[in-house]
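Structure, as structure tokens:
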2 protein chains.
Amino acid sequence: MFRGNHPARVDEKGRLKVPAEFKRLIDERYGTEFYITSRDGKVAEIYPVEEWRRIEEKLAKLSNFNPSKKRFLNKVNYYGQMVEMDAQGRVLMPQILRESAAIKGDVAVYGNLTYLEVRSMEVSKQLAEEQFTAEDEKTLDELGI
Amino acid sequence: MFRGNHPARVDEKGRLKVPAEFKRLIDERYGTEFYITSRDGKVAEIYPVEEWRRIEEKLAKLSNFNPSKKRFLNKVNYYGQMVEMDAQGRVLMPQILRESAAIKGDVAVYGNLTYLEVRSMEVSKQLAEEQFTAEDEKTLDELGI
DNA sequence: TCCACTTTCTACCACTTTTGACCACATCCT
DNA sequence: AGGATGTGGTCAAAAGTGGTAGAAAGTGGA
């Protein structure tokens, strides 16, 4: 399971070095193929193909006429691309995502259990600074967290 | 169960020596892997992975679109990092937390039953000086504490 | 339609920097 | 005095970076 936040850099060529902490798990559990996409254009998501397939299987349960499925695919296919990780542990971030999510230079790579997220430093910090509402505290309290 | 408050030091390299009192329990009950994070950026929390997983399981009950869950994960993932304890009982505190929670030099390590907390001396003192509210007294009273 | 040329990609090599595992010593406490 | 605890420092291995050469893709002209 991927956890936590590790800094990384995207070089001139748009290659993201996957932090060693995450690379270790990838080497032992997954291959070198990834599907990189986004559901909002602000944050890039990197899925080991195996994990993305699970999502596809769930989607397959919905009709092709289902408007929610259509809209989801419209977004995800817009940003999405298959990529190969090289021997040094780098993946080429899709051009379109580098622009829309401002993925360049220093970035934060988040472990979201089954997949990775890439956020620009600004977005990362900004989202972390949002304060909990009374509602949030109630919800989390009820769960016993 | 971890209890009480033991002083410790964080060295130049950012390594925290886990007080022997807590180390003993860790050796007999847990492994060497920890998830270090924070829910407010002011106080570091050190969870044996096993304990952190319990929290993840509770969170799994909420939808991924739940705003409270999102805010919680944005914070917790922002500060979080997996770490290994070395043979001398030291863990490397995540850079981002050392800065935001002023974790360096002398610190206080609190045992919070299932996990440890690390506070700068100032924060430690400050939080202990806060007065109980009427609301607090009511809650505790109802529990019979 | 096919070939020649140009441009872009990508796989991989070689080097630099950082990390963390481990050794050895210092200090405390009984 | 001797075990347990805490501290500092080292150095080899791991992580990270930049660059290049050969392959593939793209382009245009005959």
Side-chain angles (χ1 to χ4, degrees), chain A residues 2-36 46 49 80-99 103-111 116 118 121, chain B residues 2-28 30-36 44 46 49 80-99 103-111 116 118-121:
Chain A
F2 302 108
R3 285 188 195 91
N5 164 10
H6 292 265
R9 303 199 74 243
V10 174
D11 67 18
E12 302 294 291
K13 291 181 181 175
R15 294 177 299 185
L16 169 81
K17 176 70 177 67
V18 176
E21 165 75 18
F22 298 139
K23 176 93 178 344
R24 256 175 255 130
L25 184 63
I26 287 168
D27 286 343
E28 76 180 46
R29 185 132 45 194
Y30 303 105
T32 56
E33 280 204 318
F34 296 87
Y35 186 59
I36 303 188
I46 305 183
V49 266
Q81 233 162 65
M82 290 292 305
V83 297
E84 274 266 342
M85 186 174 68
D86 73 13
Q88 282 78 249
R90 289 178 292 199
V91 290
L92 185 68
M93 298 299 291
Q95 175 70 30
I96 200 165
L97 259 175
R98 274 185 266 159
E99 282 164 19
I103 305 277
K104 60 170 184 258
D106 291 298
V107 297
V109 183
Y110 282 58
L116 302 177
V118 187
M121 284 304 189
Chain B
F2 301 108
R3 283 184 201 96
N5 157 17
H6 293 267
R9 302 200 74 244
V10 174
D11 68 19
E12 301 294 292
K13 289 183 178 175
R15 294 177 299 186
L16 169 81
K17 177 69 178 68
V18 175
E21 162 77 14
F22 297 139
K23 177 91 178 346
R24 253 173 258 129
L25 183 62
I26 286 167
D27 286 343
E28 75 181 45
Y30 302 106
T32 56
E33 278 205 318
F34 296 87
Y35 186 59
I36 303 188
I46 304 183
V49 264
Q81 239 165 57
M82 292 291 303
V83 298
E84 275 266 343
M85 187 173 67
D86 74 12
Q88 283 79 252
R90 290 178 292 198
V91 290
L92 184 68
M93 299 298 292
Q95 175 71 30
I96 205 164
L97 256 176
R98 274 185 267 158
E99 282 164 18
I103 306 275
K104 60 171 184 256
D106 291 299
V107 297
V109 182
Y110 282 59
L116 303 176
V118 187
R119 304 178 174 191
S120 71
M121 285 306 187

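Within every chain, numbering begins at 1; the chains are lettered A, B, ... in the order of the sequence lines, protein sequences first and strands thereafter. Remember, it's a predicted structure, so these values are computed and weren't measured experimentally.
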In whole Å, I'd like the distance from the [atom1] atom of [X] to the [atom2] atom of [N].
{"X": "A:Lys104", "N": "D:dT17", "atom1": "NZ", "atom2": "P", "answer": "18 Å"}
{"X": "B:Arg9", "N": "D:dT7", "atom1": "CZ", "atom2": "P", "answer": "6 Å"}
{"X": "A:Gln88", "N": "C:dT10", "atom1": "CD", "atom2": "C1'", "answer": "11 Å"}
{"X": "A:His6", "N": "C:dT18", "atom1": "NE2", "atom2": "P", "answer": "18 Å"}
{"X": "B:Asp86", "N": "C:dC23", "atom1": "CG", "atom2": "C1'", "answer": "12 Å"}
{"X": "B:Glu84", "N": "D:dA15", "atom1": "CD", "atom2": "P", "answer": "12 Å"}
{"X": "A:Leu92", "N": "C:dT10", "atom1": "CG", "atom2": "P", "answer": "6 Å"}
{"X": "A:Lys23", "N": "D:dG16", "atom1": "NZ", "atom2": "C1'", "answer": "11 Å"}

Of A:Ala87 and B:Met85, the one whose closest DNA chain C nucleotide lies more 5'
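Mapping each residue to its closest nucleotide by heavy atoms, the 5'-most match is A:Ala87.
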Are [X] and [Y] side-chain neighbours, meaning at least one heavy-atom pair lies under 4.5 Å?
{"X": "A:Glu33", "Y": "A:Glu84", "answer": "yes"}
{"X": "A:Arg15", "Y": "A:Gln88", "answer": "no"}
{"X": "B:Arg98", "Y": "B:Leu92", "answer": "yes"}
{"X": "A:Val10", "Y": "A:Val118", "answer": "no"}
{"X": "A:Ile36", "Y": "A:Gln81", "answer": "no"}

Once you round to the nearest 0.5 Å, how far does CG of A:Leu116 lie from CZ of A:Phe2?
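Rounded to the nearest 0.5 Å, the CG-CZ separation comes out at 5.0 Å.
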Neighbours of DNA chain C within residues 12-22 of chain A, by heavy-atom distance under 4.0 Å:
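A:Lys13, A:Arg15 - these, ordered by number, are the residues of the stretch whose heavy atoms sit under 4.0 Å from the strand.
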Taking only side-chain N and O atoms of B:Arg90, does any of them lie within less than 4.0 angstrom of OP1 or OP2 on C:dC22?
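Checking C:dC22 against B:Arg90, no side-chain N or O comes under 4.0 Å of OP1 or OP2.
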